[in-house]
Amino acid sequence: MSASFIHRIILSVGFLSLFHSAYSAAQHRSYLRLNDLDFTHLPLDIFIQALVSLFVIMYGVLSIAGEFKEIKASAELENRSWETFRNIPSFYTFTHRGGKASPVLTKASLEEIE
């Protein structure tokens, strides 16, 4: 078994435990309504189960997520040279209005120039 499989099982157990604590809280709330009691707070065992489940889920998510990038934007850009910043292929335009604006410039005349 790999480490990520174990972390996925831990994450699943954490979610199941959190759903169980939510169901227990709803059941406790309905018990108080049936007996006409006031709701002051959740029982301590439900609160502790929800808190432990939250920490287990956080551990599982952080273990599965893998390596994080640095927050600094310059950390990723340190290896790039200045010339590569201006080279943006998404701004290349090969079909522009210059050919339609001048009837003199056609494809045949452009091939002759080259």
Side-chain angles (χ1 to χ4, degrees):
M1 281 200 263
S2 66
S4 66
F5 182 72
I6 293 171
H7 293 298
R8 289 175 197 252
I9 290 175
I10 290 172
L11 184 65
S12 300
V13 168
F15 273 122
L16 287 174
S17 177
L18 186 67
F19 289 142
H20 180 266
S21 65
Y23 182 76
S24 297
Q27 191 175 16
H28 176 71
R29 194 64 195 254
S30 66
Y31 169 77
L32 292 177
R33 281 192 203 135
L34 288 174
N35 292 330
D36 291 331
L37 299 172
D38 292 332
F39 177 76
T40 55
H41 61 279
L42 282 175
L44 188 60
D45 61 337
I46 297 174
F47 180 75
I48 290 174
Q49 181 183 3
L51 194 62
V52 169
S53 300
L54 178 67
F55 286 124
V56 168
I57 289 171
M58 286 191 316
Y59 173 75
V61 167
L62 290 175
S63 299
I64 291 173
E67 294 295 320
F68 293 112
K69 290 185 177 181
E70 289 188 34
I71 293 176
K72 288 185 351 180
S74 63
E76 188 174 314
L77 302 175
E78 286 175 351
N79 299 331
R80 295 179 69 184
S81 66
W82 178 250
E83 289 80 24
T84 59
F85 286 116
R86 294 187 303 162
N87 187 13
I88 303 173
S90 62
F91 288 115
Y92 291 167
T93 305
F94 296 107
T95 56
H96 51 81
R97 63 182 177 189
K100 295 186 177 42
S102 174
V104 177
L105 293 175
T106 61
K107 288 185 179 181
S109 64
L110 288 175
E111 289 174 0
E112 291 173 6
I113 295 172
E114 291 175 354

Asker: Hey, what do you get for CZ (F39) to NE2 (H28), rounding to the nearest 0.5 Å?
Answerer: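 Going from the CZ atom of F39 to the NE2 atom of H28 covers 6.0 Å.
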
Asker: Any chance you could measure L11, atom CG, to L16, atom CG, to the nearest 0.5 Å?
Answerer: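 Reported to 0.5 Å precision, the distance equals 10.0 Å.
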
Asker: According to a hydrophobic-cluster definition based on side-chain heavy atoms being under 4.5 Å apart (Ile, Leu, Val, Met, Phe, Trp, Tyr only), do L44 and V52 belong together?
Answerer: yes

Asker: State plainly whether one hydrophobic cluster holds both I10 and V61, where clusters connect Ile, Leu, Val, Met, Phe, Trp and Tyr through side-chain heavy atoms under 4.5 angstrom apart.
Answerer: no

Asker: Quick check on the hydrophobic clustering: are L54 and F19 connected, directly or via other members, by side-chain heavy-atom contacts under 4.5 Å?
Answerer: no

Asker: Can you measure from OG (S24) to CG (D45) and round to the nearest 0.5 angstrom?
Answerer: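 Reported value, rounded in 0.5 Å steps: 7.5 Å.
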
Asker: Partners of N35 by side chain to side chain donor-acceptor pair (under 3.5 Å), sequence neighbours excluded?
Answerer: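 Listed in chain order: Y31.
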
Asker: Can any side-chain N or O of S17 pair as donor or acceptor with the backbone N or O of V13 at less than 3.5 Å?
Answerer: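 Checking the backbone N and O of V13 against the side chain of S17, no donor-acceptor pair under 3.5 Å is found.
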
Asker: Are L37 and I46 linked, directly or through other ILVMFWY residues, by side chains that come within less than 4.5 angstrom of each other?
Answerer: yes

Asker: Looking at every non-hydrogen atom in both residues, tell me the closest pair between G14 and S53 and how far apart they are.
Answerer: O-CB, 3.7 Å

Asker: Of all residues at least two apart in sequence or in a different chain, which pass the side chain to side chain donor-acceptor pair (under 3.5 Å) check with H20?
Answerer: Q49

Asker: Suppose we screen for ring pair (Phe, Tyr, Trp, His ring centres under 6.0 Å). Which residues come up paired with Y59, at least two apart in sequence or across chains?
Answerer: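 Partners of Y59 by the ring pair (Phe, Tyr, Trp, His ring centres under 6.0 Å) criterion, ordered by chain and then number, come out as H7.
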
Asker: Answer yes if I64 and L18 sit in the same cluster of Ile, Leu, Val, Met, Phe, Trp and Tyr residues linked by side chain heavy atoms under 4.5 Å apart, and no otherwise.
Answerer: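 Yes; L18 is reachable from I64 via cluster members.
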
